[in-house]
2 protein chains.
Amino acid sequence: MKSERNLTLSDLAKLAGVSTSTASRALNNNPVIKLATRERIQALAKEHNFSINAAASRLRTQRTNVVAVILNLIEHTEQSINDPFLLKVVGDLNQALNDKGYELLLSNSFMAKDDWYNYFINSRRADGIIVVGQAKSEQKAIDAAKAGAPLVVWGDSNTQSNYPIIGSNNRLGGKLAAQHLIENGHTRLVFLGDTGHAEMNERYQGYLDAHKAAGLTADPTLVFPIDLTSQAAYNAVNETILKRGLHFDGIVSCSDMVALGALKALKERYISIPGEVAIVGFDDIAMAELLHPALTTIRQNTRDAANKMVEQLLNQLNGEPAFSDVIDIELVVRKSSV
Amino acid sequence: MKSERNLTLSDLAKLAGVSTSTASRALNNNPVIKLATRERIQALAKEHNFSINAAASRLRTQRTNVVAVILNLIEHTEQSINDPFLLKVVGDLNQALNDKGYELLLSNSFMAKDDWYNYFINSRRADGIIVVGQAKSEQKAIDAAKAGAPLVVWGDSNTQSNYPIIGSNNRLGGKLAAQHLIENGHTRLVFLGDTGHAEMNERYQGYLDAHKAAGLTADPTLVFPIDLTSQAAYNAVNETILKRGLHFDGIVSCSDMVALGALKALKERYISIPGEVAIVGFDDIAMAELLHPALTTIRQNTRDAANKMVEQLLNQLNGEPAFSDVIDIELVVRKSSV
DNA sequence: TTGAAAGCGTTACCAT
DNA sequence: ATGGTAACGCTTTCAA
């Protein structure tokens, strides 16, 4: 109930007839305390609904057991916050962090103060930072890492950086997507994505790899450097068809949401999929298999990625070296391409 | 840099040639301190990258300025974590909380320990709790509120409870959806949603209201009490058509994701939409307007809802009374129904 | 308008 | 195996 003053550790110790030190050790399962004593005190704590005061504990230990997760949204495209892929990553991170005894403080790049190191780490709000989404400018992450913030970024792991980056094998993903379309007889492939963005550029390189491997030359006018939103994709596909007619027969998209926008533009014009235009997405969000036609896509293993990000962050917290790493991806073939 | 010991408030005070008290007041913009002094010290803090130690501050003030947001997922349907609607709500809550100077600690009902009051409030991890998604059982919320946790729940605001519930006008939503279909000549309306769930039942009541208002009698065999997932909807629609043929001409869905599953089942059978079957969703997630056909739906104003939830939570934190409240909804007509 | 000092509740060092 | 005690860094009461 609200009224009764909160039990403190020393109150609990008194109830148990031991010192505060012993009570503290008992609750932390310190083996130096006799097992019987430990169990007795833990039971007493439960009985009295006692919880360690996290603020005091954090002040004393200088650790919070909290990790700040920053969604690095791209300015001016508020859409990206609606991308289901992000939620999946956040959900998996929450799971992975909880498994290791950490909690997740959610933030995003619009709201987080500029100085991530000071705001989260120096102020002891969190022990480390995980950034989801490599924006075009990574200055804040670079600064934070330079200041000494334990930090892991989701993004393109080939990028040179002073912090570990975990990400999918984007180049392979782009290659698998284009290769799949080429093998099914589509050769004029639109690339829907901004090659100025590190991850997207990797996918584009993979797209080029596939062309080269097939002895084809990619047409640079088929690259549409759009924002990562359905709306942008819809507009881009509409415009190019208006201007040049149906001058392509396949689309490699940088996300499933982007593919969705493209799909809509095509369907509105009664262009048959995959007959006239085949399309491949990226991410494999839940919705992909529910579209009509179901969307062929490159699945990113977010569970695995989340675990690896947390692992590399914990390495830093423990003073061990941490490294960038690549996550396997796989092509999931559905009706939009065959 | 990592090596240099952290500046404390008293260090900063020394640098400024004032007492710790003065420095503390200056950083908190306490008007009792001369403006010039305040500005001088704030500038000094910025210059030295000083940040108040949140742990110490929280211990001393007994406030965290953190709110725990718990995603109350329904066991056994892991899909719900993928519902984009949830991310939207979380994003808006983050925004609303930040506007009021609070941070968002993310949790979900699988991971949050059973005893929310103890874990979040008693332990001073957070000042209050916002629960998103009224599961069928609200026992944890009831217990937390009984224990004195400042608590607000997103759900059906008509439910009797010992805590404020903010939610959409679900009954009106259900009515608008059914009414819209009826007005467009559809009279055998499937209701896709579990009426054992408070919010869904309200929508169902609205669905019944619309029938009554039109002088129609709803057919109880058209109610499919499915889980809130696309897959469940897909299966339910497939099965009923297999068993009974196309014995309905409209669908009122309990979420856009559910509508998506239904849509897929219909399209696979080449049933024309909205010609043979018209369909209305619920939520208005970003994807709704991008489906083909674009999905008519009931828009939930999550921004407004987030602000109201935060408002009612702050009321409790300030010892003021807090109340349940209803959020306006609106019918958004698109191609899936006309 | 400013300063001194107590105290928030824990943990960990040093004793025993 | 357990206890005494200092210290973590801040805010706030009281005094000047």
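Within every chain, numbering begins at 1; the chains are lettered A, B, ... in the order of the sequence lines, protein sequences first and strands thereafter. Here the structure is a predicted model, which is why all the values come from computation and not from measurement. Reckoned from all heavy atoms, side chains included, excluding hydrogens, waters and symmetry mates.
- In the region residues 119-129 of chain B, proximity to DNA chain D at under 4.0 angstrom, judged on heavy atoms, holds for none of the residues.
- Distances shorter than 4.0 Å separate none of the side-chain N or O atoms of Thr8(A) from OP1 or OP2 on dG9(C).
- A donor-acceptor contact closer than 3.5 angstrom links the side chains of Asp156(A) and Asn158(A).
- Contacts of residues 23-31 of chain B with DNA chain C (heavy atom under 4.0 Å): Arg25(B).
- A donor-acceptor contact under 3.5 angstrom links the side-chain atoms of Arg60(B) to the base of dT11(D).
- At the phosphate of dT2(D), neither OP1 nor OP2 sits under 4.0 Å from any side-chain N or O atom of Ser21(A).
- Look at Gln62(A) and you won't find any side-chain N or O under 4.0 angstrom from OP1 or OP2 of dT11(C).
- Atom P of nucleotide dG3(D) and atom NZ of Lys14(A) are separated by 13 Å, given to the nearest angstrom.
- Partners of Asn49(A) under the side-chain hydrogen bond (donor to acceptor under 3.5 Å, both in side chains) rule, at least two apart in sequence or in another chain, are Asn118(B).
- The terminal axes of the helix from dT1(C)-dA16(D) to dT16(C)-dA1(D), fitted over 5 pairs per end, subtend an angle of 30° to the nearest 10°.
- Remark: Ser57(B) is in phosphate contact with dT11(D), judged by side-chain N or O atoms under 4.0 Å from OP1 or OP2.
- Pairs of residues two or more places apart, or lying in two chains, never qualify as side-chain hydrogen bond (donor to acceptor under 3.5 Å, both in side chains) while including a residue from residues 53-62 of chain A.
- Residues passing the side-chain hydrogen bond (donor to acceptor under 3.5 Å, both in side chains) test with Ser21(A): none are found, sequence neighbours excluded.
- Along DNA chain C, the nucleotide nearest Ser19(B) and the nucleotide nearest Leu59(B) are compared for position; the residue whose nucleotide lies closer to the 5' end is Ser19(B).
- Among residues two or more places apart in sequence or in another chain, the salt bridge (Lys or Arg N to Asp or Glu O under 4.0 Å) test is passed with Arg124(A) by none.
- Under the 3.5 Å distance criterion, with hydrogens and angles disregarded, a donor-acceptor pair is assigned to the side chains of Asp143(B) and Gln139(B).
- Distance from the side chain of Leu9(B) is smallest to dT11(D) among dT2(D), dT11(D), dG9(C).
- Residues meeting the salt bridge (Lys or Arg N to Asp or Glu O under 4.0 Å) test with Asp304(A), sequence neighbours left out: Lys308(A).
- Residues passing the side-chain hydrogen bond (donor to acceptor under 3.5 Å, both in side chains) test with Ser24(A): none are found, sequence neighbours excluded.
- You'll find the side chain of Val67(A) stays beyond 4.5 Å of the side chain of Ile129(A), heavy atoms only.
- Residue-to-nucleotide proximity on DNA chain C shows that, of Ala56(B) and Ile33(B), the 5′-proximal contact is made by Ile33(B).
- Residues meeting the side-chain hydrogen bond (donor to acceptor under 3.5 Å, both in side chains) test with Asp328(A), sequence neighbours left out: none.
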Working for side-chain contact (heavy atoms from CB on, under 4.5 Å), residues Glu138(A) and Thr159(A): CA-CA 11 Å; Glu138(A) 302 118 46; Thr159(A) 302; 4.1 Å; yes
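- Annotation: proximity of residues 34-45 of chain B to DNA chain D (heavy atom, distance under 4.0 Å) is found for no residue.
- Contacts classified as salt bridge (Lys or Arg N to Asp or Glu O under 4.0 Å) and involving residues 27-46 of chain A (residues at least two apart or in different chains) are not found.
- A distance-only check finds no donor-acceptor pair linking the side chain of Asn318(B) to the backbone of Glu320(B) [under 3.5 Å].
- Residues Leu106(B) and Leu105(A) fail the side-chain proximity criterion, which asks for heavy atoms closer than 4.5 Å.
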